[in-house]
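Data block below; observations after.
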There are 4 protein chains.
Amino acid sequence: MPRPKKTEREQILSETRHSLLRAAIEEFARFGYGGAKVDRISQTAGFAKGTIYNYFPSKRDLMLAVIEHISTLHMEYVAEQVRQEEDPTCRLERFFEAGFGFVSDHLPQSQVMVNNLYGPDPQFREAMYRAYLPMFALVGSEIIAEGVQQGIFRQVDPQSTAALLMTIYLGTASQVSDEGKPWQRANQVADFVLNGLRR
Amino acid sequence: MPRPKKTEREQILSETRHSLLRAAIEEFARFGYGGAKVDRISQTAGFAKGTIYNYFPSKRDLMLAVIEHISTLHMEYVAEQVRQEEDPTCRLERFFEAGFGFVSDHLPQSQVMVNNLYGPDPQFREAMYRAYLPMFALVGSEIIAEGVQQGIFRQVDPQSTAALLMTIYLGTASQVSDEGKPWQRANQVADFVLNGLRR
Amino acid sequence: MPRPKKTEREQILSETRHSLLRAAIEEFARFGYGGAKVDRISQTAGFAKGTIYNYFPSKRDLMLAVIEHISTLHMEYVAEQVRQEEDPTCRLERFFEAGFGFVSDHLPQSQVMVNNLYGPDPQFREAMYRAYLPMFALVGSEIIAEGVQQGIFRQVDPQSTAALLMTIYLGTASQVSDEGKPWQRANQVADFVLNGLRR
Amino acid sequence: MPRPKKTEREQILSETRHSLLRAAIEEFARFGYGGAKVDRISQTAGFAKGTIYNYFPSKRDLMLAVIEHISTLHMEYVAEQVRQEEDPTCRLERFFEAGFGFVSDHLPQSQVMVNNLYGPDPQFREAMYRAYLPMFALVGSEIIAEGVQQGIFRQVDPQSTAALLMTIYLGTASQVSDEGKPWQRANQVADFVLNGLRR
DNA sequence: TATGAATGAGAGTTCATTCAT
DNA sequence: AATGAATGAACTCTCATTCAT
């Protein structure tokens, strides 16, 4: 029965990696990529300076791993809620609700996400776009295209409208006060958008 | 008659300052605040390393001056065009046109603006907000409140709607491809927004 | 009857030690002492990082063990061949042949040997000298002193001439091209030296 | 008269570079490339940590500059003395004298030279060979080929014999005791070599 | 005012070594 | 005996800033 042992070790490994990722997200959120210190991340996670390099080959790779991590989490969070509805209108409302919910539940994650999306580093932006393709697809095909087909929405191009919606969502959701409260409310934005979409 | 001399000197000083600001904008746009090098800015402007410190006390202050500079430019650019119209609807269309025009005409400036607005540095974000208050006011009182009063727009709160519009504008306008073309078109966005606003 | 078991265990231990030594020689030869990585040595030998510390207390001690190992091998190789001859002239020829043969048969070993001999580390140089005393003695008493006594060689001081010969041997033999071919040939060097020694 | 000023500045620059090179040679001689610390070199030269990077882009480049520096010095030292003689025999004697003299006058330089020549780093070895081509040429054409042509030396190949002589010189000269005294004496080695070369 | 050599705090990264399993 | 995650001292190199010229 050597399996349990291996699993146990993998468990620890995975937990360490997770702590490091969590600490990294916090650090990147507070200080941005340039201001983040690798040492502090490791120490925040409860490890020594060098430990982080057993898991991520460099600071950049760490950020890329963080992007991957966040996008997966974000997509799961949003998709799960959106798909509970059938009606495109409700789905869109849910999309904004879930999105705003994600932001207030995962403030540092959102901060990092937005920093990278609107930040100056092309590699990170690129990584963000790739990581968010699934959510783009969700909005484009499972909400907009669906609504157009059912005659609920105007005849708009699903692709570019999805981009517009994502932009609105990200732009509004990311504008939070220092205490983390968004300046807009989800239903307010959803209403506004629905008004623009409906026939 | 010492005045003219002083003015002339101020002129020269001002020109040097301007070259430095221009170079700084380019540098910040390409590399972000953290990646920007003070040396390179000075050299790009045609001066030696140290010269920049005769005009700006530190890298941070340089960025703050850049923010001030850009926002003034931006506001002038937009306000001038918006005020050529009387009708709130037209003004709103003009707002998006002018805004998108500014972005494509001043790509590095826009890049820096967006980086700071969505970036991790609270001091820079704060400076951005303060610098953009006039534009907020323009949209809030000279477009939205006006439209509401004239019965063209629904009864919305001018303040928060202005914030929403600014967000949409910034979010959409800042999403440019690598060649600097925005992903959305000004009139498309304006249409969308007008649909959401009209009674 | 606990003895055989212990012998067997020693056998295994010895084999592990040997693999480690072999891997260390390769590593030191390729990267020098400073550039060598303990991890890589252990892994090349087929073990995990830490294993090497069960056999050698530190990187330095590992190098000292390597020096010991190589010098013994080297001496055996050379002495065995030299002593097959009786005549000092032939012995000297054999000495260069065997020496050059050792280098081409044991390139990494030679590399390490020369690195240490001409290298900056006093402890390693010292260890090399001690380890090569037997070979010094072989050349000095069994070749040169013998030849002088038999009247074949000029009246030279065996000690310092042995040192000169060793130097010539090491210097010439260590100059190998990237493919491991020595730039000089054994008999060429031997001829040259014999010319210098003969009455 | 703006020249003197520029010259003065260049003078200072050159002096700083020289101090750094001198300190680097000392450091490399004592600790080898791997053991040398860049900070210590800068400090030994009387400057702050970072100063050295205003003159050499990296530690490796510093070593390459050192090699260049030493080889030039060495060649000048030897060539000047060798060319004072006309007769190939005397030239060869002078070559060893000058060579041994250089070693005892410039112990750290010699140490660095030999470390690199027999060391594990291919780039440094390569640089050494290239840097020593002029001395190779000096020995090959101005001593050996000359002696062969005049019928003083045996019919040997100048190229490979030059290599052999260089090897003997370097090998013997580099073997110094801890106080810096060579184990062989120049004329002893020269005699030995002349015996091997003469017809 | 412009210069650029000098500074030195501080960053990312490496890697020999330890030790609980 | 073998493992490999964790450690942290120590290294190279960067770059904002200073200041004498």
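Below, chain A is the first sequence line, B the second, and so on; all start at residue 1.
- Contacts of B/Tyr53 with the nucleic acid, taken as non-hydrogen atoms under 4.0 Å apart, include base atoms.
- Per the geometry, CZ belonging to D/Arg40 stands 17 Å off C1' belonging to F/dC13, to the nearest Å.
- Using a 4.0 Å heavy-atom criterion, one finds that C/Lys37 contacts the sugar-phosphate atoms exclusively.
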**Request:** Taking Watson-Crick and G-U wobble pairs with both distances under 3.5 Å, convert DNA chain E into its dot-bracket string, 5' to 3', dots for unpaired and | for cross-strand pairs.
**Result:** .||||||||||||||||||||

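- With hydrogens and angles ignored, the 3.5 Å screen pairs a side-chain donor or acceptor of B/Glu27 with a backbone N or O of B/Lys37.
- The only member of C/Leu107, C/Leu117, C/Ile70 that meets side-chain contact (heavy atoms from CB on, under 4.5 Å) when paired with C/Val112 is C/Ile70.
- Within 4.0 Å of C/Ala45, counting heavy atoms only, lies no atom of the nucleic acid at all.
- Separating the CZ atom of C/Phe56 from the P atom of F/dA2 is a distance of 12 Å, rounded to the nearest angstrom.
- Between B/Tyr55 atom OH and E/dT3 atom C1' there is a gap of 13 Å when expressed in whole angstrom units.
- Per the geometry, CD1 belonging to A/Ile41 stands 13 Å off C1' belonging to E/dA11, to the nearest Å.
- Among the nucleotides F/dG4, F/dG8, F/dT12, the one closest to the side chain of A/Ala48 is F/dG8.
- Atom CG of C/Asp61 and atom P of E/dA16 are 14 Å apart (whole Å).
- Backbone-only contact: D/Lys59 has heavy atoms under 4.0 Å from sugar-phosphate atoms and none from a base.
- Here E/dA2 presents its C1' atom at 11 Å from CG of B/Leu20, a figure rounded to the nearest Å.
- Going from atom CD1 of C/Ile41 over to atom CG of C/Leu20 covers 8.5 Å, rounded to the nearest 0.5 Å.
- In this structure the side chain of A/Arg17 reaches within 4.5 angstrom of the side chain of A/Phe56, judged on heavy atoms.
- Along DNA chain F, the nucleotide closest to A/Asp39 and the one closest to A/Phe47 are compared, and the more 5′ of them pairs with A/Phe47.
- Residue-to-nucleotide proximity on DNA chain E shows that, of B/Thr51 and A/Ser58, the 5′-proximal contact is made by B/Thr51.
- Here the rule is ring pair (Phe, Tyr, Trp, His ring centres under 6.0 Å) with B/Phe124, and of B/Tyr33, B/Tyr129, B/Tyr118 only B/Tyr33 fits it.
- Taking atom NZ of C/Lys49 as the reference point, atom P of E/dT14 lies 12 Å away to the nearest angstrom.
- Place B/Gly50 and A/Ala36 on DNA chain E by their nearest nucleotides, and B/Gly50 ends up nearer the 5' end.
- Side chain A/Asn54 to base F/dA6: a donor-acceptor pair is found below 3.5 Å.
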Less than 3.5 Å apart, which donor and acceptor atoms pair up between the side chains of residues 43-51 of chain B and the rest of the protein, not counting sequence neighbours?
residue	atom	partner	partner atom	Å
B/Thr44	OG1	B/Arg40	O	2.7
B/Thr51	OG1	B/Ala48	O	3.4

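- Between the P atom of E/dC19 and the CD1 atom of C/Ile52 lies a distance of 18 Å, rounded to the nearest Å.
- With salt bridges taken as basic N to acidic carboxylate O contacts below 4.0 Å, one links D/Arg130 and D/Glu126.
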